[in-house]
*Asks:* 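Got a structure for you, questions after.
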Amino acid sequence: MADPQPLRVALAGNPNVGKTTLFNRLTGHHQRVANFPGVTVERVSGRLTCAPHIDIIDLPGTYSLTPRSVDERIAYDILTGHLERKPDLVVCVVDAGNLERNLYLVSQIIDLGLPVVVALNMVDAAARNGLEVDAVKLSDALGVPVVPIVATLGQGVEVLEVQMQQVPPLPDARQWELMDAVSKRVPELSAALAHEAPNLPEPQVFMEVLHALAEDMVLESWRTVAPAFAAKVQSARESFTKRNVAFRHAEVAGRYAWLGDIVRQVTTRNTGPSTISDRIDAVVTHRVAGPVLFLLLLLLIFQAIFSWATPAMDLVEAGVGWLSSAAQSVLPGHMLTDLLTDGVIAGVGNVVIFLPQILLLFFFLGLMEDTGYMARSAFIMDRIMKRVGLSGGSVLPLLSSFACAIPGIMAARTLDNERDRLITIMVAPLMSCSARLPVYALFIAAFIPQQQVLGLVGLQGLTMFSMYLMGIAMAFAAAAILKRYVIKGSQSYFVMELPPYRRPRLRQVAGRMVMRSGVFARRAGKIIFGLSIVLWFLASFPKVHPEGMAPEAAAAIERDALLQQADSLMRPHTDAAGGLMVGAEHLNLELARSLEAQAAEVYGTVLDSLRQAAQSYQIRNSLIGRFGHLLEPVMQPLGFDWKISAGLVTAFAAREVIISTMGIIYSVGDGEDSVALRDALKADRYPDGRPVFTPLVAMSLLVFFVFALQCMSTLAIACRETGTWRWPAVMWLYMTAIAYVASLMVYQGGRMLGLG
């Protein structure tokens, strides 16, 4: 006999109600992370520690089940059984301090006809703020069990676990009333939908009718599946509009009217002095002080990310280099060995090296979220964001994009408004991510002089700041244009509940930081891993030999002669040192060893030079090199020669790859020796003696990197999040066009001013 299926319990709730903390308590941190079927949203699940036959699913935090945002659609589809088996029980986590707002979601889940248990969380914080909630009265009013808990301390969790193992009976659905005008049309619309979608349960039919009336996106989805129902909804909408009936807000008004009475009956508020949260918010959300403090906090976070991550990044880089060297020393000299070291290890290293920065960013974002400041930052920026076609909800995705556009694009799924979400995805890559930093640092250090501006700010630092400022300004401009001319949609309304300030739970922050970074590494790593192997083949084939060099032949012959000379110099000294060590009575060992070491150093230096020259010649004549020569006429108006063009091609795998590519072309070793590469860039000359790189060319390249979308993994993630390649293609085209035009204006304008 087959084992019975485990009891499925869904954990639902608003953001910032302690749902994740409760989930960790119930599962003992033994979690499984995967994707919901057919979508990119993470599915976090685990088994109840005290009852392994109960499987707990942590639904995305959402304020309602009206399917506007991706998270709301996922939560609704899970609860209705569209994605996987419908849950047997729903535990609704509710913040006792924000009862009315939290109960809105509870009432929607009850109306779906599902067994519900309410976990009344943070009753201790509510009591400190002078608010007491009568759990017994609340249970009677809702018709479902209510268990008071403090998830952070584990209080009441055992009672909740017992209640979860005793699935309660179904509550009475729809205890609230719709406005009369809308209520009269609901039976007709419900009958039409039930006729065309006979498999929908009755409670879900009612919910779908309300959603179709309120949301254009839901109505459009029914036009092909149930055209007669959609036509009746459209007719009802037109009738309501003529009579000035607020049909879009009928559900909201009806539910809150019912919930408001319940909250007044079950809560007692002891008036007293303003809370700590109120006193902090008086400063933090101030119209002037709030934005200033927010910008200072961002400055502190970015400085910490760029400075604190450096030792860890150096350690990871050294580890990747050691692994590559170890592989080369153990494995035989073969093409597969080169593929492993230069393709696989180097490709993975390009992803892993930035994990320290990603970890730090998620750590700070976790602190902001746990303390309650993240909600304030969105509230503070909402006024500014509205002017460029976004809302305060876009702050988090754009903030995440400063470390990497991938988590920023993924974070956009929390936005309710589909237009805001799509615009945020389309502009997120304009934020200067950490992968641009190596490029900025190299060319600014090489070509921007170290001098003070007004005696206060260094010119190099000011140039670095301007790169970030240009990206932000262009993101806002692009969002405004996309909103007005390209991406149409309904007006967005940003509503954010400000939770009380809380002490961050470091264990939870660390766990979320590691989990999110792992998701980034898996998703981005697969793409860069494969593309790096492809680029290795492009840089390695067709195979050429130094004997076929044309202008370089003379230099190679000269170096070969020098190699032979070094070899002839080394052997006498080695033999002499050996003879002296054996038989001489008055032996100067230090002198003999010094001569031997000097000869070996000459030999090794010349050998490295030959190897680098051959490597440089290989990449010049490889497919990448040939493609660079092919692109050169197009890129010359920007001041770029074939070497820069070839570097831009390789940078499509990851922006920082251009540094190692330029290092190979200029024969300065692995390309990570920025000082040697900097000198090589300064020394490079055209055949007529003109320098290839000037401060104007460097600035043109920097501007190109600010705006260009040089990241294959970002495009792939954008495709997954939008469900089509159309928008990523538009994203790449418009950013590349902006980069080309801006770089052209900088270079040609500088030449006209005599700066070239």
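Residues take their numbers from the sequence shown, with the count starting at 1.
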*Asks:* Are the side chain of S743 and the backbone N or O of S700 linked by a donor-acceptor pair below 3.5 Å?
*Replies:*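 Yes.
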
*Asks:* Kindly indicate whether the side chain of V91, heavy atoms from C-beta on, has any atom under 4.5 Å from the side chain of L26.
*Replies:*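 With C-beta onward as the side chain, the pair stays apart.
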
*Asks:* Might you point out which heavy atoms bring M122 and V17 nearest each other, and give the distance in Å?
*Replies:*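 Closest pair (atom of M122, atom of V17, distance): CE-O, 3.4 Å.
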
*Asks:* Give a yes or no on whether the backbone of V93 and the side-chain of N121 come within a donor-acceptor separation of less than 3.5 Å.
*Replies:*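 Not confirmed, N121 side chain does not pair with V93 backbone.
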
*Asks:* Is there a side-chain contact between P728 and T722, using heavy atoms and a 4.5 Å cut-off?
*Replies:*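 Answer yes - side chains close enough.
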
*Asks:* If only atom types and distance count, is the side chain of R436 paired as donor or acceptor with the main-chain N or O of M431 below 3.5 Å?
*Replies:*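 Flag set: sc R436 to bb M431 pair under 3.5 Å.
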
*Asks:* Which atoms form the tightest heavy-atom contact between P504 and L367, and what is the distance?
*Replies:*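 Heavy atoms only, the tightest pair is CB-CD2, 3.8 Å.
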
*Asks:* Taking S432's backbone N and O only, do any of them form a donor-acceptor pair with Y440's side chain (distance below 3.5 Å, no angle check)?
*Replies:*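 Pair absent, no side-chain N/O of Y440 close to backbone of S432.
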
*Asks:* Looking only at heavy atoms, which two atoms of L65 and A75 are closest? And how far apart?
*Replies:*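 Heavy atoms only, the tightest pair is CD2-CB, 4.2 Å.
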
*Asks:* For a quick check under 3.5 Å, do T424 and S394 share a side-chain donor-acceptor pair by atom type?
*Replies:*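 Yes, a side-chain donor-acceptor pair sits under 3.5 Å.
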
*Asks:* Could you report the tightest heavy-atom contact between A214 and R248, atom names first, then the distance?
*Replies:*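 Closest approach of A214 to R248: O-NH1, 2.8 Å.
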
*Asks:* Run N14 and D95 through side-chain contact (heavy atoms from CB on, under 4.5 Å) and show every step you take.
*Replies:* CA-CA 8 Å; N14 292 181; D95 180 2; over 6 Å; no

*Asks:* Within the distance-only criterion (no hydrogens, no angle test), does the side chain of R255 pair as donor or acceptor with the backbone N or O of Y104 below 3.5 angstrom?
*Replies:*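 No.
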
*Asks:* Can you tell me if T371 uses its side chain to pair, donor with acceptor, with the backbone of M368 under 3.5 Å?
*Replies:*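 Side chain of T371 to backbone of M368: a pair is present.
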
*Asks:* Given side chains that start at C-beta, do those of M731 and I425 come closer than 4.5 Å, heavy atoms only?
*Replies:*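 Touching, per the 4.5 Å side-chain cut-off.
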
